[in-house]
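Have a look at the structure below before the remarks.
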Amino acid sequence: MIVRFGYVAMSTIVENASPSRTMTATNFQKLDDREAAVRRLERIAEENLRNTLRLLRHNRAHDVHLYRLSSKLIPLLSHELLSGWDPFPVLEQPFRDIGDYAKEHGMRLSFHPDHFTVLSSPREEVLRNSYLDLDIHVRMLEEMGLDERAKCNIHIGGAYGNKETAAARFVDSFKRMTPRIQRRMTLENDDKTFTARETLEVCEQLGDVPVPMVLDIHHHQVNTGGDLLDEELWTRICRTWANQRIPPKIHASSPKSEKDPRGHADYVNADQVLTFLQLASQTGTPKLDVMLEAKMKDGALFRLMDDLRQKEGLRLLDQATVEIL
DNA sequence: ACCTGTCAAGTCTGG
DNA sequence: CCAGACTTGACAGGT
């Protein structure tokens with residue numbers, strides 16, 4: 001089994017390369033000249049996109065083929081203060097540059113809209129904003145010229161006292177979206193509410209619109225729902241990735257401490273990751289992508305590779321890829 | 001240069 | 001019904 005590793009949004013190695021610079025809404029309002037303020041937002045967005053491209057070059061130099069884009073590339077986009085603002089024409093070239101580079105080097109890019117995107121919400125306004133947010137994320141992938149293999153990953157959302165009705169509401173809200181958005185989505189189990197099996201069941205319920213599931217092995221560890229992560233569960237998860245033209249993806253991170261097991265540690269424990277990789281390899285998974293969610297970002301990735309180098313039963317293919325033997 | 005409280009957005013808990 | 005926690009990188013304003 002071939003396993004590629006990636007990291008999220010920012011680098012702890014490349015300096016001054018934030019893809020998430022922003023401006024607060026209060027500060028935007030303080031500026032007298034609205035036109036100038038809007039141009040400043042556009043400059044920040046350009047800089048975020050330029051830094052994203054810098055990070056992709058860094059990734060290329062270190063064989064990292066997997067990267068999650070920052071959701072904060074364009075500050076205050078979709079904020080009501082900026083209704084009517086369309087920054088995309090100005091940002092056309094920087095978006096395309098990112099997409100071109102990613103395609104040229106076979107990189108897998110994704111987004112993870114944050115926890116304000118909640119399709120299980122009973123509140124109409126929350127749902128409407130969630131739709132808008134997803135639309136924007138998909139729009140950015142389209143501006144990059146990336147095909148449907150570039151996904152947006154979200155959680156099921158809140159339970160509101162009744163997980164079953166919440167899940168049903170999620171399914172309903174999901175089905176109301178256009179195929180254009182639906183085909184870009186993946187669903188991930190969370191650390192408090194929807195377990196791996198429950199998330200998988202939602203994916204399976206959406207059957208006619210195939211929605212792959214991203215398994216987060218750390219979330220599963222702190223929210224098992226009593227289920228064992230075994231070959232059967234993994235095989236079912238893999239089935240959601242059939243016909244996607246991309247390998248299944250998982251998220252990996254380690255508990256911050258015993259006191260805060262849900263928090264993310266600086267680095268990732270190699271043995272825990274390896275245990276899962278061996279399970280996946282045994283089920284006959286040919287390829288797997290692993291997104292690391294550690295505080296030290298790419299620093300954690302390279303440390304993990306160093307740690308894996310010492311282990312039996314695998315070999316390093318390059319700086320960010322291993323083969324499980 | 002460095003430190004601290006605050007930030008657009010949601011949900012859950014506890015008072 | 002409302003305040004605070006949760007969680008995170010970055011701002012904003014202070015020293």
Side-chain angles (χ1 to χ4, degrees), chain A residues 7-31 37-38 40-41 43-45 47-49 51-52 55 67-85 87 111-137 152-163 165-167 169-170 173 188-194 198 216 218-219 222-223 251 253-257 259-266 291-300:
Chain A
Y7 67 98
V8 175
M10 59 184 283
S11 170
T12 56
I13 295 168
V14 184
E15 308 209 320
N16 302 314
S18 169
S20 310
R21 271 204 58 206
T22 187
M23 184 193 296
T24 58
T26 26
N27 220 258
F28 177 83
Q29 272 174 305
K30 274 191 218 158
L31 300 169
V38 167
R40 199 150 124 197
L41 286 178
R43 275 217 320 277
I44 292 172
E47 191 184 321
N48 287 339
L49 294 169
N51 279 336
T52 298
L55 291 175
Y67 173 72
R68 181 194 299 164
L69 298 155
S70 164
S71 279
K72 301 189 182 79
L73 292 172
I74 307 177
L76 298 182
L77 184 59
S78 83
H79 191 281
E80 53 175 26
L81 275 175
L82 284 143
S83 64
W85 175 44
F111 274 120
H112 194 345
D114 57 35
H115 64 285
F116 305 113
T117 297
V118 194
L119 297 182
S120 70
S121 179
R123 293 169 55 197
E124 212 164 299
E125 198 194 333
V126 172
L127 187 58
R128 195 170 52 239
N129 287 335
S130 299
Y131 285 155
L132 286 176
D133 200 37
L134 288 176
D135 186 84
I136 281 163
H137 279 89
C152 295
N153 180 59
I154 60 168
H155 297 283
I156 307 291
Y160 313 88
N162 186 335
K163 237 193 257 191
T165 57
R169 213 162 34 233
F170 178 97
S173 305
E188 178 193 346
N189 58 307
D190 69 75
D191 56 356
K192 275 169 128 157
T193 311
F194 287 94
E198 289 162 345
D216 187 311
H218 179 198
H219 289 168
V222 294
N223 184 25
H251 290 176
S253 51
S254 294
K256 190 181 177 76
S257 62
K259 220 178 72 175
D260 179 14
R262 297 207 329 264
H264 287 182
D266 291 354
M291 183 64 75
L292 302 179
E293 295 183 326
K295 288 256 188 298
M296 292 305 287
K297 312 290 179 188
D298 50 343

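Numbers restart at 1 for each chain; the letters A, B, ... are given by sequence-line order, proteins then strands.
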Can you check the A/Phe116 CZ to C/dT8 P distance for me, whole Å? 13 Å
If I pick the P atom on B/dC2 and the same atom on C/dT8, what distance separates them, to the nearest angstrom? 24 Å
Nearest whole angstrom, please: distance from the P of C/dC6 to the NE2 of A/His155. 18 Å
Between P of C/dA10 and CD of A/Glu15, the distance in whole Å: 13 Å
Any stem touching DNA chain B, meaning at least three consecutive Watson-Crick or G-U pairs under 3.5 Å, ordered by first number, would be B:1-7 with C:9-15, B:10-15 with C:1-6
On DNA chain C, does the nearest nucleotide to A/His115 precede the nearest nucleotide to A/Thr24 from the 5' side, or the other way round? Give the residue. A/His115
Note: chain A reaches DNA chain B at heavy-atom distances under 4.0 Å over the stretch, first to last nt, 5' to 3', of B/dA8 to B/dC12
Would you indicate what A/Leu77 reaches in the nucleic acid, counting non-hydrogen atoms under 4.0 angstrom: base, sugar-phosphate, or nothing? base
For A/Ala9, report the nucleic acid contact type (base, sugar-phosphate, nothing); a contact means any heavy atom under 4.0 Å. nothing
Mind checking the P distance from B/dG10 to C/dC11? Whole angstroms is fine. 22 Å
Let me know the distance between NE2 of A/His218 and P of C/dT7, rounded to the nearest Å. 11 Å
Is there a donor-acceptor pair under 3.5 Å between the side chain of A/Lys163 and the backbone N or O of A/Thr193? yes
Rounded distance in Å between the P positions of C/dG4 and B/dG5: 15 Å
Taking only side-chain nitrogens and oxygens of A/Lys295, does any of them come within less than 4.0 Å of OP1 or OP2 of C/dT8? yes
Take atom CE of A/Met296 and atom C1' of C/dG9, then tell me their distance rounded to the nearest Å. 14 Å
Which class fits the ring pair A/His219 and A/His155: parallel under 30°, tilted 30 to 60°, perpendicular over 60°? tilted
Which part of the nucleic acid, if any, lies within contact of A/Thr26, taking any heavy atom under 4.0 Å across all strands shown: a base, the sugar-phosphate backbone alone, or nothing? sugar-phosphate
Check the phosphate of C/dG9 against A/Lys297, side-chain N and O only, distance under 4.0 Å to OP1 or OP2. Yes or no? yes
Working for side-chain hydrogen bond (donor to acceptor under 3.5 Å, both in side chains), residues A/Asn48 and A/Ser20: CA-CA 6 Å; A/Asn48 287 339; A/Ser20 310; over 6 Å; no
When all nucleic acid strands are considered with a 4.0 Å heavy-atom cut-off, which category describes A/Ser18: base, sugar-phosphate, or nothing? sugar-phosphate
Roughly how far apart, to the nearest Å, are C/dA10 and B/dT11 at atom C1'? 23 Å
Where is the tightest heavy-atom contact between A/Asp266 and A/Ala294, given as atom of each residue plus distance? O-CB, 3.2 Å
A/Asp190 atom CG is separated from C/dT7 atom C1', nearest whole Å, by 14 Å
Could you check whether any side-chain N or O of A/Asp216 sits under 3.5 Å from a backbone N or O of A/Asn189, counting only pairs where one atom can act as donor and the other as acceptor? no
Closer than 3.5 angstrom, by distance alone: can the side chain of A/Thr12 be matched with the main-chain N or O of A/Lys297 as a donor-acceptor pair? no
Is it the case that the side chain of A/Ser120 and the backbone of A/Ala166 share a donor-acceptor pair, with hydrogens and angles ignored and the cut-off at 3.5 Å? no
Return no unless some side-chain N or O of A/Arg262 is found under 4.0 Å from OP1 or OP2 of C/dC6. no
Hey, does the side chain of A/Lys30 come within less than 4.0 Å of C/dG13's phosphate (OP1/OP2), counting only N and O? yes
Full working for side-chain hydrogen bond (donor to acceptor under 3.5 Å, both in side chains) between A/Asp133 and A/Thr117: CA-CA 7 Å; A/Asp133 200 37; A/Thr117 297; 2.7 Å; yes
Euclidean distance for P, C/dT7 against B/dG14 (whole angstrom): 15 Å
Scan A/Ser70 against the nucleic acid and name what it touches under 4.0 Å (heavy atoms): base, sugar-phosphate only, or nothing. nothing
Is there a donor-acceptor pair closer than 3.5 Å between any side-chain N or O of A/Thr165 and the backbone N or O of A/Asn162? yes
Could you measure between the two C1' atoms, the one in B/dC12 and the one in C/dG9, and give it in whole Å? 23 Å
Report yes or no: does A/Asn153 contribute a side-chain atom to a donor-acceptor pair with the main-chain N or O of A/His112 at less than 3.5 Å? no
Without decimals, in angstroms, what is the distance between A/Leu76 CG and C/dG9 P? 19 Å
Sugar-phosphate only, base, or nothing, as touched by A/Asn27 at under 4.0 Å among non-hydrogen atoms: sugar-phosphate
Length of the CE-C1' vector between A/Met23 and C/dA10, whole Å: 13 Å
Looking only at atom types and distance, does a side-chain atom of A/His264 sit under 3.5 Å from a main-chain N or O of A/Glu293, one as donor and one as acceptor? yes
